Each structure stands twice: as C-alpha cells, then as structure tokens.
2 protein chains.
Amino acid sequence: MSLARQDEEPEAVSLHEQTVNKLRTVLLNGELSDGSRIPEAQLCLRFGVSRTPLREALKVLAAEGFIELRPNRGSIVAPIDPVDVAHVFELKGAIENQIGLLAALRATPQDHDRIEQVHRELATHPDPTSYTELNQEFHRALATATHNPVLVQTYDNLQKRVLRLRFVVNENPVRVAQSFDEHEAIMVAFRARARLDLAERLAEHNRLTGEAVLRTLRGEDLAP
Amino acid sequence: MSLARQDEEPEAVSLHEQTVNKLRTVLLNGELSDGSRIPEAQLCLRFGVSRTPLREALKVLAAEGFIELRPNRGSIVAPIDPVDVAHVFELKGAIENQIGLLAALRATPQDHDRIEQVHRELATHPDPTSYTELNQEFHRALATATHNPVLVQTYDNLQKRVLRLRFVVNENPVRVAQSFDEHEAIMVAFRARARLDLAERLAEHNRLTGEAVLRTLRGEDLAP
DNA sequence: TCGGGTATTTTTGAATGCAAAATGATCGCC
DNA sequence: GGCGATCATTTTGCATTCAAAAATACCCGA
C-alpha cells in the first residue's frame with residue numbers, strides 16, 4: 001500500500017458534481033421561473049455535458065427539493081409555495097434555537113474570531129448582494145460553531161431552500177437595518193456565552209426574517 | 001388542456017426511483033458492511049437494471065448520506081461513525097422538541113386516532129422487527145401531526161440515518177420495555193395537549209434512545 | 001526472494017443510441 | 001367553425017458502448 005495519500009486532494013470533482021453545483025446556482029439565482037420545464041437539452045449545451053451527468057444532477061437536486069421529477073413528463077423547477085416557506089422557517093426556528101444553545105458552549109476562539117469578522121464585514125456592506133451573502137455566512141459560521149456537522153448540513157439544506165427569496169427581502173433597507181440590529185443583539189449574547197439568550201435571539205431573528213419574507217411573497221409592504 | 005387529471009395516480013414509478021428504494025432497503029438491512037465497496041455490476045444483476053439507473057440511485061443515496069462517492073475509485077457504504085450518530089441524535093432532539101410543541105396544538109382527531117392505534121399495536125408486538133417498524137411509525141405519526149411537511153421530511157431523513165442501528169437496540173428487552181414506558185408518558189402528555197411536557201418527554205426519549213444506541217455501538221452492556 | 005516497474009484486466013465515468021411515452025400538429029368529422 | 005382522433009415530432013428513460021482511470025497480475029533484475 002502506498003504511503004503518501006492523505007495530502008493528495010480528492011478534488012478531482014466528477015462532472016456530475018460540477019453539474020449539480022452549476023445547476024443549483026442557476027436555480028438559486030432564479031434564472032428559471034418556478035414551475036417551468038427544465039430544458040434538458042438546452043442545459044446540456046450550456047454546461048457542455050451530455051445528458052447522463054445532467055440527469056444524474058437532476059436526480060440529486062430533486063432529492064434536495066429544488067426540482068420536481070415527473071416520470072415521463074419532464075422535470076420542473078419546484079414551485080415556491082408560501083406555505084412551504086413558512087414551514088421551512090418554522091423548522092429552522094427549532095434548529096436556530098439549538099444552534100444558540102450549542103454554539104454558546106462550544107465555540108472555539110477561532111469560531112469567535114470568524115464570527116466577529118463576518119459581523120464587522122456585514123456592517124460595511126449594505127448592498128443587497130453582499131449583504132445576502134455575508135448574512136448567509138454569518139449564520140453558517142454560528143452553525144459551524146456547534147461543531148455538529150450533521151446539524152450544519154441540515155441547516156444548510158434548509159437555508160438553500162429559501163435562499164432564492166432572500167435577496168428580495170435584503171433589497172429593503174428597513175429590514176436590512178433591523179436585521180443588523182438583531183445581529184448585534186445576537187453578538188452580545190454570543191460574546192457573553194449566554195446560551196438561553198443566544199438561542200432565543202436566534203430563534204426570534206429567524207421568525208422575523210421569515211415574516212418579512214412571507215410579507216414580500218404576499219406582495220405586502222415590508223415595513224412592519 | 002384536459003380536465004380529468006387530478007385523479008390519475010402519479011404512481012408510474014421510474015426505474016431509478018425503484019432502485020433508490022431497493023438499494024436503500026439493502027443498506028438499511030445492513031447487508032453490505034460499512035466501508036465496503038459497492039458492487040455496481042452485482043447490484044445491476046440483482047435488481048435487473050442497467051448501470052444508468054443504478055448510478056443515478058447511487059448519486060441520490062450519496063446525497064442522503066448513505067453512500068460515499070469517491071471519484072474514479074468507486075462508492076462505499078458510508079461508515080457509521082459513532083460521533084456522527086451522536087450528532088444525529090443531538091439534532092433530532094431539537095426537532096423532537098419542536099414536534100412536541102406543534103403536535104400538541106395541531107393534531108387533528110384523525111392524528112390522535114392514528115397515534116393511539118400505533119401505540120396500542122406497539123404494546124402487542126414486542127418482537128424486535130415489528131417493534132422497530134412500529135416505533136418508527138409511532139414517531140413518524142407524531143411528526144406528521146405537526147402538519148409541517150418540511151419538518152416531516154427532514155425528520156425522516158435523520159431517522160433513516162440511524163435506522164440501521166435501531167434493530168440492534170430493539171433486540172434488548174430491557175430497553176424495549178423502558179422505551180415503551182417513555183411512550184406511555186408521551187401519550188399522557190399528548191392526550192392532554194400539554195405542549196411543553198410533550199416536547200420535553202419527546203426530547204428526553206430521544207436522548208435516552210441515543211444513549212442506548214451509542215452504548216451498543218461501543219459494545220457496552222445496555223443496562224443503564 | 002523481494003522490489004519496482006510495466007502490462008493486463010477490471011471498474012468507473014460519460015456519450016451515444018434506441019425504444020417508449022408525451023407533446024403538438026394536421027386532418028377529418030360533426 | 002368547433003371538436004376529436006390520428007399521425008409526426010419531440011422528449012424522456014434506459015441500455016449499450018467507449019475511453020480513461022484504477023486495481024491487479026506479471027515480469028524482470030537485483
């Protein structure tokens with residue numbers, strides 16, 4: 001058996017995996033409207049792959065909930081059902097709560113540094129695109145601080161399911177400012193390792209974000 | 001556009017989906033030991049399908065966490081890491097808690113009937129196989145009573161990840177009896193729609209089950 | 001006999017090909 | 001002119017095929 005093995009990167013990413021990521025990005029960017037047929041042949045052209053890896057990617061994304069597979073009738077972009085969005089936020093609330101409880105106890109100094117850093121960057125990037133991305137990273141960093149990879153992955157999957165909607169909300173300066181205030185409160189609890197408070201503030205922040213998203217979906221004004 | 005469409009079943013299950021389910025069953029039954037290579041050709045023979053649908057199934061099961069895909073080096077059965085199992089139960093605890101909070105409020109009379117029924121059946125089927133299955137169904141029914149399909153699906157995915165281990169624990173009569181007692185306590189809270197109590201008892205039951213599973217994994221005796 | 005390197009076999013990843021189903025268009029009928 | 005049925009086209013699902021990579025076997029030299 002060979003010896004030098006651990007350092008060689010397993011980065012020989014297969015074509016199907018690249019396709020999964022590319023297609024997911026396309027879907028997250030909302031390039032294909034909800035419920036529309038997925039143009040298999042067209043995407044093959046676009047990504048420069050044959051149908052086999054593309055179809056494998058479709059299966060995976062269907063398992064992730066981005067796509068609906070209708071046997072013999074093609075795949076469609078999973079429509080965003082406001083009811084479903086509410087359900088995602090409801091579940092996410094339970095996980096945010098758990099994140100608060102665990103992160104307060106388990107966060108390493110490195111975790112603290114990272115989170116503080118992202119938090120600072122958020123303050124200086126109020127434009128919607130950067131804000132959405134950094135906000136995502138902020139919450140992801142907190143999730144990571146639980147040191148529970150299963151939780152992180154599940155949390156990530158849920159986030160992805162509502163990510164397409166986020167940029168809409170984050171275009172509203174009022175909500176962005178409010179959101180940042182909530183982040184400040186979260187940071188206070190996090191720095192103090194106040195687990196119950198951190199849990200509550202994360203859950204509350206999630207609830208308010210969910211409500212803002214749903215209001216936008218319903219076409220209501222965002223001002224609360 | 002045609003009119004009679006809603007009643008025709010979408011049950012024309014595609015070959016790849018059947019394969020996903022069959023292969024998942026094989027994995028859940030522990031027929032392939034952890035870390036072992038997945039004999040692609042052999043499984044094609046067994047399921048009577050070609051490599052295309054089988055490989056699609058592998059991708060899906062990899063996304064579900066049952067399988068590890070190593071580019072150009074074949075797929076292996078995802079090894080059960082005790083640390084990971086602990087993480088699954090930790091996250092599941094948060095969700096069980098949420099299930100308790102929501103199910104107590106939202107369960108319909110039908111939900112109550114169903115859950116009572118499964119609970120009764122559990123009492124009369126102490127053999128490991130039935131018990132594992134009914135136990136699964138009991139918790140699934142409670143999850144369903146939240147009427148949050150996103151939660152149900154996420155919960156299901158987590159359950160699947162530890163399901164292979166369950167039958168081991170459920171072969172221990174002591175733990176089975178204890179588990180049933182916990183179910184009784186859960187039912188008392190559920191019937192009374194005592195949401196905080198139901199949440200706590202579900203979370204506690206989850207914690208105890210997790211500990212029993214981990215003890216078994218470590219080869220310790222099950223008696224607490 | 002052992003080690004290293006090369007050749008062979010096996011296995012994997014992806015493209016192509018083919019049959020069946022669905023979609024859409026044309027035509028006939030009322 | 002509107003409606004339905006039949007036929008052509010497109011799209012989908014799966015099998016097969018081909019090339020490349022890995023695993024294995026083999027050979028040769030020390």
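Order of the sequence lines sets the chain letters (A, B, ...), proteins ahead of strands, with each chain counted from 1. Predicted model only: the values in this text are computed from it and were never measured.
Listed for the B:Asn206 side chain is a donor-acceptor partner under 3.5 Å among the backbone atoms of B:Phe89.
In summary, the side chains of A:Thr108 and A:Asp111 do present a donor paired with an acceptor at a separation below 3.5 Å, with no hydrogens or angles considered. In this model, a donor atom of one side chain and an acceptor atom of the other lie less than 3.5 Å apart for B:Tyr131 and B:Ser179.
Phosphate proximity of C:dA15 to A:Ser50: present, with a side-chain N or O under 4.0 Å from OP1 or OP2.
Nearest to the side-chain atoms of A:Leu15 among the listed nucleotides D:dC14, C:dA15, D:dA15 stands C:dA15. Minimum atom distance to the side chain of B:Arg55 is reached by C:dT12, of the listed C:dA15, C:dT12, D:dA15.
Atom CG in A:Leu58 sits about 9 Å away from atom P in D:dT12, given to the nearest Å. Look at CD1 on A:Ile38: it is 12 Å from P on D:dG13, rounded to the nearest Å. Atom CG of B:Leu54 is separated from atom P of D:dT16 by 14 Å (rounded to the nearest Å). The distance from atom CZ of B:Arg51 to atom P of C:dA15 is 14 Å, rounded to the nearest whole Å. Straight-line distance from the CD atom of A:Gln42 to the P atom of D:dT10: 15 Å, rounded to whole Å. For the pair A:Ile76 CD1 and C:dA22 P, the computed distance is 16 Å after rounding to whole Å. Remark: P of C:dA21 and CG of A:Asn72 are 7 Å apart, rounded to the nearest angstrom. Rounded to whole Å, the distance from CD1 on B:Ile67 to C1' on C:dT12 is 15 Å.
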Start with the C-alpha distance between A:Glu96 and A:His139, add both sets of side-chain angles, then the distance that settles side-chain contact (heavy atoms from CB on, under 4.5 Å), and finish with yes or no.
-> CA-CA 9 Å; A:Glu96 293 279 7; A:His139 288 290; 4.2 Å; yes
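Toward the 5′ end of DNA chain D lies the nearest nucleotide of A:Ala41, the other residue of the pair A:Ala41 and B:Pro53 mapping further downstream. Between A:Arg70 and A:Glu56, the residue anchored closer to the 5' end of DNA chain C is A:Glu56, taking for each the nucleotide with the nearest heavy atom. Residue whose closest nucleotide on DNA chain C sits further toward the 5' end, between B:Thr52 and B:Glu40: B:Glu40.
Taking 4.5 Å as the limit, some side-chain heavy atom of A:His112 sits within range of a side-chain heavy atom of A:Phe190.
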